[in-house]
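The block underneath contains the structure these notes are about, expressed in structure tokens.
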Amino acid sequence: MLFRSCRAIASRAAELGCMVSTGTDAHISYDVGRLGRVRGLLESLRFPQELIATTDADSFLEALRRAVVP
């Protein structure tokens, strides 16, 4: 159920051109940085790379700049 909801939200975000941020929501240390499921989801949707704010440090900083400076 949760995965289906995430898929629907990501799909709609792509349709609307909304930027997204990814993460693990880890609750235990060894899960931090395990992004395989979210990467797989976005790849299956062919989610535009330019809309993923957390692709790398530069894309994240640019997303922050755009959010702060209109």
Side-chain angles (χ1 to χ4, degrees):
M1 174 85 168
L2 180 61
F3 187 76
R4 211 172 350 161
S5 297
C6 292
R7 186 174 184 77
I9 291 167
S11 179
R12 187 68 174 136
E15 289 172 15
L16 296 173
C18 297
M19 291 199 81
V20 298
S21 169
T22 60
T24 60
D25 191 30
H27 292 264
I28 193 159
S29 61
Y30 56 77
D31 279 341
V32 172
R34 291 186 177 190
L35 299 168
R37 288 187 74 187
V38 70
R39 282 190 187 130
L41 170 67
L42 295 177
E43 287 173 4
S44 73
L45 294 172
R46 296 189 177 140
F47 198 92
Q49 286 290 310
E50 64 273 9
L51 294 179
I52 304 173
T54 49
T55 300
D56 55 38
D58 289 335
S59 64
F60 181 67
L61 292 173
E62 180 58 27
L64 286 178
R65 278 191 278 281
R66 284 194 307 242
V68 174
V69 181

Checklist line | Least distance between heavy atoms, L41 atom then A10 atom | finding: CD2-CB, 4.5 Å
Note to self: Under a 3.5 Å threshold, yes or no: a donor from one side chain and an acceptor from the other, between R39 and T22?
What the structure shows: no
Item checked: L64 reachable from I52 in the ILVMFWY side-chain graph, under 4.5 Å edges -> no
Check: Side-chain contact, heavy-atom cut-off 4.5 Å: E15 with S11?
Finding: yes
Margin query: Suppose we screen for side chain to side chain donor-acceptor pair (under 3.5 Å). Which residues come up paired with D31, at least two apart in sequence or across chains?
Written below: none
Next item on the list: Determine yes or no for a side-chain-to-main-chain donor-acceptor pair under 3.5 angstrom, with T54 supplying the side chain and S21 the backbone.
Entry: no
Check: What distance do R34 atom CZ and I28 atom CD1 have between them, rounded to the nearest 0.5 Å?
Finding: 10.0 Å
Check: Would you say V20 and L51 make side-chain contact, with heavy atoms under 4.5 Å?
Finding: no
Checklist line | Steps toward side chain to side chain contact (heavy atoms under 4.5 Å, CB included) verdict (R66, M19) | finding: CA-CA 11 Å; R66 284 194 307 242; M19 291 199 81; 2.7 Å; yes
Notebook entry, point to check: Once you round to the nearest 0.5 Å, how far does OG of S44 lie from CZ of R7?
Noted result: 4.0 Å
Next item on the list: Kindly give the cluster partners of I9, where membership spreads through any ILVMFWY side chain lying under 4.5 Å from a current member.
Entry: none
Notebook entry, point to check: Which atom names give the shortest non-hydrogen contact between F47 and C18, and what distance separates them?
Noted result: CZ-O, 4.0 Å
Next item on the list: Check step by step if side chain to side chain contact (heavy atoms under 4.5 Å, CB included) holds for R37 and C6.
Entry: CA-CA 11 Å; R37 288 187 74 187; C6 292; over 6 Å; no
